[in-house]
Amino acid sequence: MALLPKTPDWAAGLRAEWHPGEEKAQDYLGAFLNDTLEGYATLRDRPAGVSTSRLSPYLRFGHLSPRQVWHATKRAVQTASHEISLADQDKFLSELGWRDFAWSLLFDRPDLASTNFRPEFDAMRWLDEPDMFTAWARGQTGYPLVDAGMRQLWITGWMHNRVRMVVASFLTKHLLIDWRKGARWFDDTLVDADPASNVMNWQWVAGSGVDAAPYFRVMNPVLQSEKFDPDGEYIKKFVPELRHLPVRALHAPWQASPAELTRAGVRLGETYPCPVVEHRFARERALAAWKASTG
Ligand SMILES: Cc1cc2nc3c(=O)[nH]c(=O)nc-3n(C[C@H](O)[C@H](O)[C@H](O)COP(=O)(O)OP(=O)(O)OC[C@H]3O[C@@H](n4cnc5c(N)ncnc54)[C@H](O)[C@@H]3O)c2cc1C
């Protein structure tokens, strides 16, 4: 269809990462069932390495159907030479369930891409700060986990689920920017961009959605980073300018000592940004905005 980009060719990272088509999709499904399903329930929140199926683009474009994945999973559990726990199987199958739930929700409420599921959010006073949005989209917020996620998205067209939650929370709560802007960016950049899953999940994180995470639960990007990328492997891969910092400082470079920064070749504000907003301030501002809008 002559749609591949040429000048500039920005798709090299996508080509390296993804091999479209049914045959490859089946290979990846097989590899996931053999190697990654065991332990999925406990490891799926780790963004470094392969901890999930990465089947979302294939499901999105119909290279695989959810039914095929469901039945292949059931078969693999019965025939596996090693034991796959019920927890691993159930957790994975329930994720497929979320996908279908998102579609049934959109069927019921076709306006969900533009409208808050919970109308009390209509009064929310979102900020209009294009510079902040650009810092977020380009992975230049000064919070390494957020930046790693946004750069993974830009380079590969995909982002790990845990990090999607962190970056979405950061945009809607730390930066107080409307979830619809974030959803549009994801829609433009994700290889698995799905009209139903994308909107349901953005609204879920923002707090405006069905069965949503409460707005007052503001994810702390440093604690999330320490918990889910404890060795900083994910950060080092996508934010390589920080890779020589000690692990502790990788999660919050502004807490590193001047000597640690010098040794690692990091100059905050030059080679890597200072945080665009301070966590405690941002949290309180978000809570105040939420209280003001919900009365
Ligand atoms: C803000 C935000 C936006 C998102 N946008 C999309 C999107 O546009 N398209 C998309 O497919 N997923 C989206 N998700 C859900 C989830 O992040 C991806 O489905 C998942 O990361 C894909 O990786 P995987 O195939 O390795 O998932 P696995 O963990 O292996 O899960 C298997 C399959 O289950 C489905 N699934 C898993 N988690 C979810 C979920 N939370 N909601 C709906 N379906 C799920 C996917 O089809 C996935 O391929 C979004 C999540 C968030 C927090």
Side-chain angles (χ1 to χ4, degrees), residues 17-18 24-25 28-70 72-73 76 87-106 112-113 136-137 145-146 149-150 152-153 156-173 177-213 217 219 224 228 234:
E17 196 80 13
W18 302 104
K24 276 289 174 200
Y28 291 137
L29 172 60
F32 168 71
L33 296 174
N34 271 332
D35 307 332
T36 316
L37 178 58
E38 188 187 0
Y40 175 84
T42 41
L43 299 175
R44 61 185 286 274
D45 275 318
R46 296 288 183 99
V50 176
S51 60
T52 63
S53 73
R54 299 167 60 95
L55 291 174
S56 50
Y58 301 98
L59 284 162
R60 162 66 182 84
F61 287 101
H63 301 174
L64 279 176
S65 79
R67 284 185 181 79
Q68 284 176 309
V69 178
W70 180 282
T73 305
D88 290 333
Q89 182 195 174
D90 283 356
K91 191 72 204 158
F92 179 65
L93 294 178
S94 76
E95 297 306 331
L96 290 178
W98 279 111
R99 180 181 177 279
D100 269 41
F101 177 61
W103 273 101
S104 75
L105 198 62
L106 189 65
L112 271 194
W136 175 81
L145 184 64
V146 174
M150 297 309 293
Q152 180 182 32
L153 173 60
T156 71
W158 187 85
M159 193 195 303
H160 185 277
N161 180 62
R162 167 60 48 181
V163 193
R164 291 187 202 201
M165 291 197 275
V166 172
V167 304
S169 173
F170 192 85
L171 186 78
T172 53
K173 298 178 183 177
I177 291 179
D178 193 330
W179 61 265
R180 282 160 278 230
K181 292 185 180 161
R184 271 199 297 276
W185 181 257
F186 268 32
D187 200 38
D188 270 356
T189 50
L190 276 171
V191 287
D192 64 21
D194 178 286
S197 293
N198 194 32
V199 160
M200 177 187 77
N201 280 286
W202 269 98
Q203 292 224 39
W204 185 84
V205 177
S208 63
V210 62
D211 189 29
R217 203 181 291 154
M219 281 183 169
Q224 291 284 315
F228 296 111
Y234 180 72

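Any value given below was found using the heavy atoms of this structure, including those in side chains, with hydrogens, waters and symmetry copies removed. Quick note: residue numbers are just sequence positions, from 1. For ligands, and for the atoms within them, numbers begin at 1 and follow the listed sequence. Being a predicted model, the structure only gives us computed values, none of them experimental.
A heavy-atom separation below 4.0 Å is not found between Phe32 and ligand 1. Ligand 1 lies within reach of Met165, whose nearest heavy atom is under 4.0 Å from it. In this structure, Trp158 counts as a contact residue of ligand 1, since one of its heavy atoms falls inside 4.0 Å of the ligand. The shortest separation from a heavy atom of Tyr58 to ligand 1 is not under 4.0 Å, leaving the residue out of contact. Put simply, part of Arg54 is less than 4.0 Å from ligand 1, judged by heavy atoms.
The two residues Thr52 and Thr36 come nearest to each other via the heavy atoms N-CG2, 4.0 Å. Among all heavy-atom pairs drawn from Ser51 and His160, the shortest one is OG-NE2, 3.3 Å. The shortest heavy-atom contact between Asp88 and Gly39 is OD2-N, 2.7 Å. Smallest separation of non-hydrogen atoms from Trp136 and Gly182: CH2-CA, 3.9 Å. Closest approach of Pro47 to Val163, counting heavy atoms only: CB-CG2, 3.7 Å. Contact between Ser94 and Lys91 at its shortest, heavy atoms only, is OG-O, 2.8 Å.
Residue-ligand proximity, Asn201 to ligand 1, at heavy-atom distances under 4.0 Å covers atoms 2 (C), 3 (C), 4 (C), 14 (N), 15 (C), 40 (C), 41 (N), 42 (N), 43 (C), 50 (C), 51 (C), 52 (C), 53 (C). Counting the atoms of ligand 1 from 1 in the order shown, those under 4.0 Å from a heavy atom of Leu55 are 25 (O), 49 (O). Listed by number with element, the atoms of ligand 1 under 4.0 angstrom from any heavy atom of Leu59 are 47 (O), 49 (O). The contact set between ligand 1 and Phe186, taken as ligand atoms under 4.0 Å from a residue heavy atom, comprises 1 (C), 2 (C), 3 (C). Residue Asp192 has at least one heavy-atom neighbour below 4.0 Å for each of these atoms of ligand 1: 7 (C), 8 (O), 9 (N), 10 (C), 11 (O). Atoms of ligand 1 found under 4.0 Å from any heavy atom of Phe92, numbered from 1 in the order shown, are 30 (O), 32 (C). With ligand atoms numbered from 1 in the order given, ligand 1 contributes 11 (O), 22 (C), 23 (O), 25 (O), 49 (O) to contacts under 4.0 Å with heavy atoms of Ser56. The atoms of ligand 1 that sit less than 4.0 Å from any heavy atom of Ala193 are 8 (O).
Proximity of Leu190 to ligand 1, defined as any heavy-atom pair under 4.0 Å, is confined to the side chain (atoms from C-beta onward).
The aromatic rings of Phe61 and His63 sit tilted, their planes meeting at an angle between 30° and 60°. The aromatic rings of Phe186 and Trp202 stand perpendicular to each other, their planes meeting at an angle above 60°, with 30° marking the opposite boundary. Using cut-offs of 30° and 60° on the angle between ring planes, the pair Phe92 and Phe32 is tilted.
Asn161 OD1, 3.3 Å is the protein heavy atom nearest to atom 16 (C) of ligand 1. When hydrogens are left out, the protein atom nearest atom 8 (O) of ligand 1 is Asp194 N, 3.0 Å; that is the closest non-hydrogen contact. For atom 30 (O) of ligand 1, the closest heavy atom belonging to the protein is Ser53 OG, 2.6 Å. If you check which protein heavy atom lies closest to atom 43 (C) of ligand 1, you get Ser197 OG, 3.5 Å. Taking atom 3 (C) of ligand 1 as the reference point, the nearest protein heavy-atom neighbour is Asn198 OD1, 3.4 Å.
Counting heavy atoms from C-beta outward, Trp185 and Leu153 have side chains that approach closer than 4.5 Å.
Checked by distance only, ligand 1 and His160 stay at 3.5 Å or farther apart across all their nitrogen or oxygen atoms. The distance criterion of under 3.5 Å between nitrogen or oxygen atoms is not met by Trp202 with respect to ligand 1. At a 3.5 angstrom cut-off on N or O pairs, Thr52 counts as close to ligand 1.
Of the candidates Thr172, Val205, Asn201, Thr172 is the only one forming a side-chain contact (heavy atoms from CB on, under 4.5 Å) with Trp179.
Relative to atom 28 (P) of ligand 1, the option among Tyr40, Trp204, Trp98 with the closest non-hydrogen atom is Tyr40. Nearest to atom 6 (C) of ligand 1 by heavy-atom distance, out of Arg164, Glu95, Arg44, is Arg164.
Atom OG in Ser53 sits 9.0 Å away from atom CG in Leu64 (nearest 0.5 Å).
Within the structure, salt bridge (Lys or Arg N to Asp or Glu O under 4.0 Å) pairs that include any residue of residues 185-210 comprise Arg164-Asp192 (at least two apart or interchain).
Applying the side-chain hydrogen bond (donor to acceptor under 3.5 Å, both in side chains) rule to Tyr234 yields the partners Gln152; only residues at least two apart in sequence or on another chain are considered.
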